[in-house]
Amino acid sequence: MENSVIVIGGGISGMTAAGMLALQGLSVTLLEKEKETGGHLARWDRLFPDRRKASEVLDFAREGMKRVNLVTGVTVTDISRQGREFTVVINSPIPNPQSPTPDHETVLKARALLLATGFDLFEARKKEEYGYGIYNNVITSADLEDRFKLKKGILTSEGKIPARIGIVHCVGSRDEKVGNLYCSKVCCVTGVKQAIELKEMLPAAEVFNFYMDLRMFDRHFEELYYEAQQKWNVNFIRGRLSECAENPDGSIIVKTEDTLTGKPFKITVDLLVLLTGFVPAGSTGDIAGMLGLVTGTDGFINSADSHIMNNSTDIPGVFVAGAVKGPISIGEAIADARAAAIQLAIYLNSPTPADD
Amino acid sequence: MIKFNLFVLPFSLGLIYVVYSIIIHYYRWIKSLPAVDKVKLANGLRTPSKVLASLKEIFLEGLIHRKLWKRNPLLGYMHMSFALGWFLLIVMGNLESRIYHGAYINAPYYPIFLKFFIHDRLVLFFEIFTVPAFFRFIMDFLLLFVLSGLGLALIKRKQSQWFGLKRTTNHSFFDRVALSCLWMIFPLRLLAESYTAGYFGGGGGFLTQNLGNLLIKISPGPAESIAYIFWWSYSLALGLFFIMMPYSRYMHIPSELLLIIFRHCGIQPKKWGSSFSDLELHSCSRCGVCIDACQLNFAAGISDIQAIYLIRGQRDQYVPENIAMTCMLCGRCQEACPVGIKVDLLRLIKRREIGSGQVSDFSYLTQGHPGFAEVVYFAGCMSHLTPSIHIAMEGIFREAGVDYLFVDRGGSTCCGRPLMLAGKDKQSNELIEFNKTLIRQTRARLLVTSCPICYKVFREEYNLPIRIQHHSQYILELVREGKIALQSQHRKVVYHDPCDLGRGGNVYDAPRELLRKISDLMPVEKECADALCCGGSLGLMNTTLQKKDEVTRNVLQFLLAGNPDILVTACPLCKKTFMKHSKTEVRDIAELVHDAIPGRQIRKIMDPQKAEAAIP
Amino acid sequence: MIDFGYTITKDRQLDYDRGDMRYYRLVQSLEPSVDVCMECGSCTATCSAGQFTEFNIRKAHTLIRRGNTESIKAELRKCMFCGKCQLVCPRGVNLRNLILAMNRAIELLG
């Protein structure tokens, strides 16, 4: 099968780039390991900063995929390169009408690759002291989004309406003890957004955000923080949780330090939300290994130059877009994917072959 | 007629000096023993079984070096050749000289330089069956034995890797001079005896006679004068060695003898340093096995702080603080030491000197009554960072219907051992008293803890009149008494021995027996007394994070080599340390037991669907 | 300053220009990892002594960095050396050794 481009990863970055490339008249195949496209975006309810519906963005990206050859439920098992041609071998563990016969390998060829394998969420069980998987009323921000999507209200595991909810920033990020020194960038604004959403649903509840720094890095974010304080009375406590414990009634005791008053701080909450950060996707390491791409010490892929060649890699013909390079917001990912698509199109249309 | 020559003087003077020095040392050590220990010594020396046991150990360890053989046969042979070989040379030499001289009393130098004074020719063929031929043979054989060891020692100095040792001791200048003297003694003896035998055409054995003949042939110069020069050199080497001995590593020879006797008489090292510790300091032979066993050496490349350098520093009255404070106190070097020196205690004694000056203030501790129970459960302060352990334990207590009290549920005072590891024993007393009162108030008959660090200090320092168990031992007892039933989950697991539970507490079997009931336990390369430390030790005071990580990653390589499903620990600190680096699941033994209780209530996170269903 | 015979309230600001930085410099040389602290407060939150007393390890070493050592001399004696702070620190500061270093600085510099 001769294609111009193969895009690996069907999240927002992959879909946006694939759609854009298809608009250019190139023949594009998108490979996705799950049964459905959408990546993590498919899981979210509303996006920061203005709380618009995530499904609108998802639908827009899927609309753009009309001329893309979509193959879902497959895993890439090998990639090799001869001259300007790439050979990608996929296998299909999940039966799917669009994919080749189950357990059968298919070989695809392309003249350029776009890597958009994205990220995984940090496994909150690794922070055992926060009690995820141990105490029933400790959930992650992704679990909370699932509950928002169901539109049936927020309850504790005992079926009560929570009077106090805690939101913990920096879980699995900026933490030497789990091996992730980097900041995952978007969790802070997510925490503020979810605090507001919780207050919208439960106006009588008290919401506490436990943060180390508040990274309100983009337009309207600082205003969101202001709104959380002024309109919704969200409490912001600057301090990092050391551990949690559980009361017999299922409520969670949180131990932190209120660094701004300089005193150890203890509070009982009915529900605790952990803002888990980004980790490199499991498949990123595998594919980087197959291609010989360089990853940083944090596990994300290094582009050729973080300012001026941020969508290329050291291998001519291999491009990268989105969270595979590191933590990124959805708006930025869409812009990045479009940039990658243009760069890739230029590369394919260039008359002289790139150096091998 | 007393045979004498001027050249025996260096040897004789050296010998007089070293014997005098040893007597002074022995006198001092014995005199400064506390009265109780002096009585023990006197009684021990009067007890034939103890004397025999001491002699047996002196023979097996001091001469044959059995512990070294077990660790590394080449090393064992090398040390044995010097020790046993030289000892036998002296003994046999004395016998030989008595037979020649016919008298029972000899000048001490006579057996050593016998071949200078007596040189028979090989005459009658029936002499082969007589004593002199036997002695000629045996003396040469023993000399060859020692020389073979010397050859190995030379190789080890240059290429220790061939001996399986990544690193060997970095000796001080003085030790190196003493070493050189020692090493020169036997080749010089060989040359002296050979030249003499060659010159006189007889009197030597298979080695010396043949070598002597060869030497005479190739250097036909004034052989008698050359031989005489070698006899002088031999005597000088011996004399110099003897004079240097009390100040060098070779003091270990007489010291170890006395140490073995002290031990068999029941004398123990004391917490604040004593005559026994001073004796231990001199008994270190600086063999370097402690360096080999130390993980800071082979995993993190730190090789200037091991036991031998601590001991050498102590003997020289100067220990840089760095050496005292950089040690995991894991006990591996202590386990490996062929002399059996209690190195960890020596290091703690030094830390106490450094740390005892600072004042602590624990007046803020307020005693409250915890309540009564049959069994008091002290999870340990670290357990609050690994809550699944104490949650599993509470589940097990409830399942077994035990009347228990989780005394540090809301957070606890530290057990006091981390303070001791920093050398602050005096300061820890207040914490210990506080905890003891707390435990006594519960009127419990059994104290169960989840933390080996707490376990060790409870048993050794608290002097509580109740039983103390680590939770692995307690659970095994519950199973044996039929209070809980367990079903094996048949997962492949490996078990990691925590330092304070294994080497520090001698608990190796209980956790393993328990694990075999609930899983498929796989063996690990280094386990039980040879187990590796996780690297999270509270004994390490000032090592960088990167080095600690290197130690942990190295240990994980060994533990996970067989690809187990789960890595099982029995210590919250080990669990937390491993979880940072391990891709394999790390769980405590209590958690595994809790999972193995059939039909127990399994806690699950409420998933959104259930949450939806719960809303009216 | 001339003594006019009356006093006004002493200012309570942390005057960095008048702080005594010798302590910090000594502590820094003994335990260099103190520099990477991001003041998150995990250490103080988990502190064993912190449940009973106002002892605040984060505050203590921050004050030394600002040149103010007087107020913490008595506080540092409350540490039990349990090591939990070090076990939770997300920046990997060697806190137990830091406390020893601070004690040493106070011992040497008075």
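Residue numbering restarts at 1 for every chain, and letters A, B, ... go by the order of the sequence lines. For clarity, every value in this text was computed on a predicted model and none was experimentally measured.
Listed by first and then second residue, the side-chain hydrogen bond (donor to acceptor under 3.5 Å, both in side chains) pairs that reach into residues 567-578 of chain B are A:Glu128-B:Lys575, A:Glu129-B:Lys576, B:Ser388-B:Lys575, B:Lys575-B:Glu591, sequence neighbours excluded.
Listed for the C:Arg96 side chain is a donor-acceptor partner under 3.5 Å among the backbone atoms of B:Pro418. Not one N or O on the side chain of C:Asn94 forms a donor-acceptor pair closer than 3.5 Å with the backbone of B:Thr544.
Residue C:Ala101: no heavy atom, backbone or side chain, is found under 4.5 Å from chain B. Only the side chain of B:Leu573 has a heavy atom closer than 4.5 Å to any heavy atom of chain C. With a threshold of 4.5 angstrom between heavy atoms, B:Gln546 does not approach chain C through any atom at all. Interface remark: B:Leu545 contributes side-chain atoms only to the contact with chain C (heavy atom separation under 4.5 Å). Proximity to chain C (any heavy atom under 4.5 Å) is restricted, for B:Leu431, to the side chain, taken from C-beta onward. With a 4.5 Å cut-off on non-hydrogen atoms, B:Lys580 does not touch chain C at all. At a 4.5 Å heavy-atom cutoff, B:Ser363 makes no contact with chain C through either its backbone or its side chain.
Residue-level contacts of residues 103-110 of chain C with chain B, in order of numbering, are C:Asn103, C:Arg104, C:Glu107; threshold 4.5 Å between heavy atoms.
Minimum heavy-atom separation, C:Arg77 to B:Phe362: O-CE2, 4.2 Å. Residues C:Thr46 and B:Leu385 approach most closely at OG1-CD2, 4.0 Å, considering heavy atoms.
Looking at residues two or more places apart in sequence or on another chain, you find no side-chain hydrogen bond (donor to acceptor under 3.5 Å, both in side chains) involving C:Arg25. Partners of C:Lys78 by side-chain hydrogen bond (donor to acceptor under 3.5 Å, both in side chains), not counting sequence neighbours, listed by chain and number: C:Thr53, C:Glu75.
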*Please lay out, stage by stage, how C:Phe52 and B:Thr413 fare under the test side chain to side chain contact (heavy atoms under 4.5 Å, CB included).*
CA-CA 9 Å; C:Phe52 306 100; B:Thr413 330; 4.3 Å; yes
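To the nearest 0.5 Å, atom NE2 of residue B:His384 and atom NZ of residue C:Lys84 are 5.5 Å apart.
Among B:Met382, B:Gln427, B:Arg417, the residue with the largest count of heavy-atom pairs under 4.5 Å with chain C is B:Met382.
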